[in-house]
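Here is the structure we will look at, set down as structure tokens.
When a ligand or atom number is given, it counts from 1 through the structure's own listing order. Please read these numbers as outputs of a predicted model, since none were measured by experiment.
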Amino acid sequence: MKIVEVRHPLVQHKLGLMRRADNSTKTFRELAAEVATLLTYEATSDLETEDADVEGWAGTVRVRRIKGRKITLVPILRAGIGMLPGVLELIPAAKVSVVGIKRDEASLAAMPYYENLVGDMADRTALVLDPMLATGGTLVATVDMLKAAGATRIKGLFLVAAPEGLKALEAAHPDVEVYTASIDERLNEKGYILPGLGDAGDKIFGTRV
Ligand SMILES: O=P(O)(O)OC[C@H]1O[C@H](OP(=O)(O)OP(=O)(O)O)[C@H](O)[C@@H]1O
Ligand SMILES: O=c1cc[nH]c(=O)[nH]1
Ligand SMILES: [Mg+2]
């Protein structure tokens, strides 16, 4: 399975700022979007390009443009919404497919509650957005949904990923690519990533703080 831990200094610096416990909602949100932009840059580095001719100031110029295949962004409610503005900075025309999944806090089981996907999923690369990959249950349920709708090219962007979640994904969907700012140490007994970021959804939405 392709797993890319992005070691770029800007990513590492911004993730380090996100780990502070005293961040305001505004600061956490801004950093989540900024890291999402940088992860998008990495995750799109293998997009195919083709030649095209444009009329420039001194005549016709041969340029490169992104070839045919289109992208759909798939933010997982709620917390994935926090990454959406940063990804749209680089792919402003992308169609957005929304998935709602809530992790049951006691069993840690992923509970899907909403699905609204673009129609032509089979023709698109799906970029799944979620700040946290913990047990992997949410991501596996999301990929199940996307594949059932015809998706064959799926990449996931996560601010932080736990080894346990990566293992679960590899067992269920080894064809999915993962881009993350950090592979952290482990999960705690409540399924939270250590050292992690805490509850990313609560921090992005300003709830329970
Ligand atoms: O890998 P897993 O163990 O499944 O956990 C990860 C999921 O948990 C969090 O969402 P949460 O259920 O807290 O929902 P929220 O976005 O509404 O906060 C997080 O944003 C992921 O979606
Ligand atoms: O560490 C974690 C795990 C799941 N969800 C979060 O928001 N944080
Ligand atoms: Mg949450």
Closer than 3.5 angstrom, by distance alone: can the side chain of Thr72 be matched with the main-chain N or O of Lys95 as a donor-acceptor pair?
yes
More than 12 heavy atoms from other groups under 6.0 Å of CE on Met1
yes
Polar side-chain atom of Arg103 near backbone of Ala109 as donor-acceptor pair, under 3.5 Å
no
Exactly one of Met18, Arg19, Gln12 clears side-chain contact (heavy atoms from CB on, under 4.5 Å) with Ser182, and that residue is Arg19
Looking only at heavy atoms of Gly191, does any of them come nearer than 4.0 Å to an atom of ligand 2?
yes
Going by distance only, is there an N or O of Gly201 that falls short of 3.5 Å from an N or O of ligand 1?
no
Could Glu50 and Arg65 be called an ion pair, given the rule that one side-chain N must be under 4.0 Å from one carboxylate O?
yes
Should Phe205 and Arg78 count as side-chain neighbours, where that means a heavy-atom distance under 4.5 Å?
yes
Quick check on side-chain contact (heavy atoms from CB on, under 4.5 Å): which of Val160, Leu31, Leu38 does Leu15 satisfy it with?
Val160
Which option out of Thr138, Val140, Val160 puts a heavy atom nearest to atom 7 (C) of ligand 1?
Thr138
To which of Thr138, Ile193, Asp130 does the heavy atom nearest atom 1 (O) of ligand 2 belong?
Ile193
Check for me whether Gly198 has a heavy atom closer than 4.0 Å to any atom of ligand 2.
yes
Does a side-chain heavy-atom distance below 4.5 Å link Asp130 with Leu139?
no
Could you tell me, atom by atom, which parts of ligand 2 come under 4.0 Å of a heavy atom of Arg103?
3 (C), 4 (C)
Tell me whether ligand 2 is touched by Lys203 - counting only heavy atoms on the residue side and a distance under 4.0 Å.
no
Does Leu77 have a heavy atom less than 4.0 Å from any atom of ligand 1?
yes
Taking only non-hydrogen atoms of Gly137 and a 4.0 Å limit, the atoms of ligand 1 in range are 1 (O), 4 (O)
Heavy-atom proximity to atom 13 (O) of ligand 1, best of Glu164, Arg103, Arg208, Lys102
Lys102
With a heavy-atom distance limit of 4.0 Å, tell me whether Asp130 approaches ligand 1 through its side chain, its backbone, both, or neither.
side chain
Pull out every atom of ligand 2 sitting under 4.0 Å from any heavy atom of Ala200, numbered as shown with elements.
6 (C), 7 (O)
What part of Ala110 sits under 4.0 Å from ligand 1 if we count only heavy atoms: the side chain, the backbone, both or neither?
neither
Looking at ligand 1, does Leu108 have a heavy atom less than 4.0 Å from it?
no
Ligand 1 contacted by Gly136 (non-hydrogen, < 4.0 Å):
yes
Can Val74 be reached from Leu157 by stepping across I, L, V, M, F, W or Y side chains whose heavy atoms are under 4.5 Å apart?
no
Evaluate whether atom CD1 of Ile66 has more than 12 neighbouring non-hydrogen atoms of other residues, nucleotides or ligands under 6.0 angstrom away.
no
Run the numbers for me: atoms of ligand 1, each under 4.0 Å from some heavy atom of Ala79, listed by number.
16 (O), 20 (O)
